[in-house]
Amino acid sequence: DTEVTQTPKHLVMGMTNKKSLKCEQHMGHRAMYWYKQKAKKPPELMFVYSYEKLSINESVPSRFSPECPNSSLLNLHLHALQPEDSALYLCASSQVGGGKGQPQHFGDGTRLSIL
Amino acid sequence: DAKTTQPTSMDCAEGRAANLPCNHSTISGNEYVYWYRQIHSQGPQYIIHGLKNNETNEMASLIITEDRKSSTLILPHATLRDTAVYYCIVLGVGGSNYKLTFGKGTLLTVNP
């Protein structure tokens, strides 16, 4: 079991649908992340939120829209996705900086399939 | 952040120590060495990290060479459940603190 909870675990959607992925943590972490992982590839960073503000966007297409409504929740809104967006979407959280090296803690992801 | 080099795959017998090497010859003074693993169908799991000194926790030990150009993750008594892809990542603190860049990692297979 992980301390970062992602829902749903699986999602199948059509290219015209709108859906959202949800991530929740209660460890008091103020940095939250979205990663994308294609099959047999390592995870790739998409977005970073620090203190509920977007701090890094790794040139992600606008059909992916992140949202951090509070310090415990992170959403990823999906619209007009393409089949190549099918992947495992991972959420992570960590303490913010501090100069001591703060590890990130991951959820088990949402496996997304685009029809 | 410095690049890392890891073997593509390794095998280990159950109950024996698993020693996973990582080269990071371009590491700079303020960069940490992190180890994560990913078991099939799960998210990455943080294992351990260190700056200069060797580190040990309930999961593993991290040995960093004196020149910091390489490190070894040691799982003292490997079990079948340790079969996973192990990622060695070098990460600087400060402005780039948040950007974990995963390489291809090492697939460790623990055999009965």
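The model shown is predicted, which means the values in this text are computed figures rather than measured ones. Lettering follows sequence order; numbering is per chain, from 1.
Identified by a heavy-atom distance below 4.5 Å to chain A, the contributing residues of residues 102-112 of chain B are B:Phe102, B:Gly103, in residue-number order. Contact residues of residues 53-63 of chain B toward chain A are absent (heavy-atom distance under 4.5 Å).
A distance of 7.5 Å separates OG1 of B:Thr101 from CG of A:Leu45, quoted to the nearest 0.5 Å. Rounding to the nearest 0.5 Å places NE2 of B:His49 at 11.5 Å from CD of A:Gln104. The CG atom of A:Leu88 sits 11.0 Å away from the CD atom of B:Gln42 when rounded to the nearest 0.5 Å.
In the hydrophobic cluster analysis, where Ile, Leu, Val, Met, Phe, Trp and Tyr join through side-chain heavy atoms closer than 4.5 angstrom, B:Ile47 is grouped together with B:Val90. Transitive grouping of hydrophobic side chains (ILVMFWY, heavy atoms separated by less than 4.5 Å) brings B:Leu20 and B:Ile64 into a common cluster. Grouping the Ile, Leu, Val, Met, Phe, Trp and Tyr side chains by contacts below 4.5 angstrom, directly or via other members, places A:Val96 apart from A:Leu73. Criterion: ILVMFWY side-chain heavy atoms under 4.5 Å apart, direct or through other members. Under it, A:Leu76 and A:Met15 are part of a common hydrophobic cluster. A:Val4 and A:Phe47 fall into different hydrophobic clusters, where Ile, Leu, Val, Met, Phe, Trp and Tyr residues are linked whenever their side-chain heavy atoms come under 4.5 Å apart, directly or through other members.
Every residue meeting the salt bridge (Lys or Arg N to Asp or Glu O under 4.0 Å) condition with A:Glu52, not counting sequence neighbours, appears here in chain and number order: A:Arg30. Residues forming a salt bridge (Lys or Arg N to Asp or Glu O under 4.0 Å) with A:Arg111 (at least two apart in sequence, or on another chain): none.
The number of heavy-atom neighbours closer than 6.0 Å to NZ of A:Lys18, taken from other residues, nucleotides and ligands shown, is 12 or below. By the neighbour-count criterion of 12 heavy atoms within 6.0 Å, atom CE of A:Met27 is densely surrounded, having more than that number from other residues, nucleotides or ligands. Applying the 6.0 Å contact sphere to CZ of B:Arg16 captures no more than 12 heavy atoms from other residues, nucleotides or ligands.
For B:Gln38, the part lying under 4.5 angstrom from a heavy atom of chain A is the side chain only. When heavy atoms are compared at a cutoff of 4.5 Å, A:Glu58 approaches chain B solely by way of its side chain, counted from C-beta outward. For chain B, no part of A:Glu44 is nearby; none of its heavy atoms comes within less than 4.5 Å.
Looking at heavy atoms from C-beta onward, B:Pro44 lies out of side-chain contact with A:Tyr35 at the 4.5 angstrom threshold.
Taking each heavy atom of A:Pro43 and B:Tyr87 in turn, the nearest pair found is CD-OH, 4.0 Å.
The backbone N or O of A:Phe106 lies less than 3.5 Å from no partner atom in the side chain of B:Tyr46, so there is not a single donor-acceptor pair.
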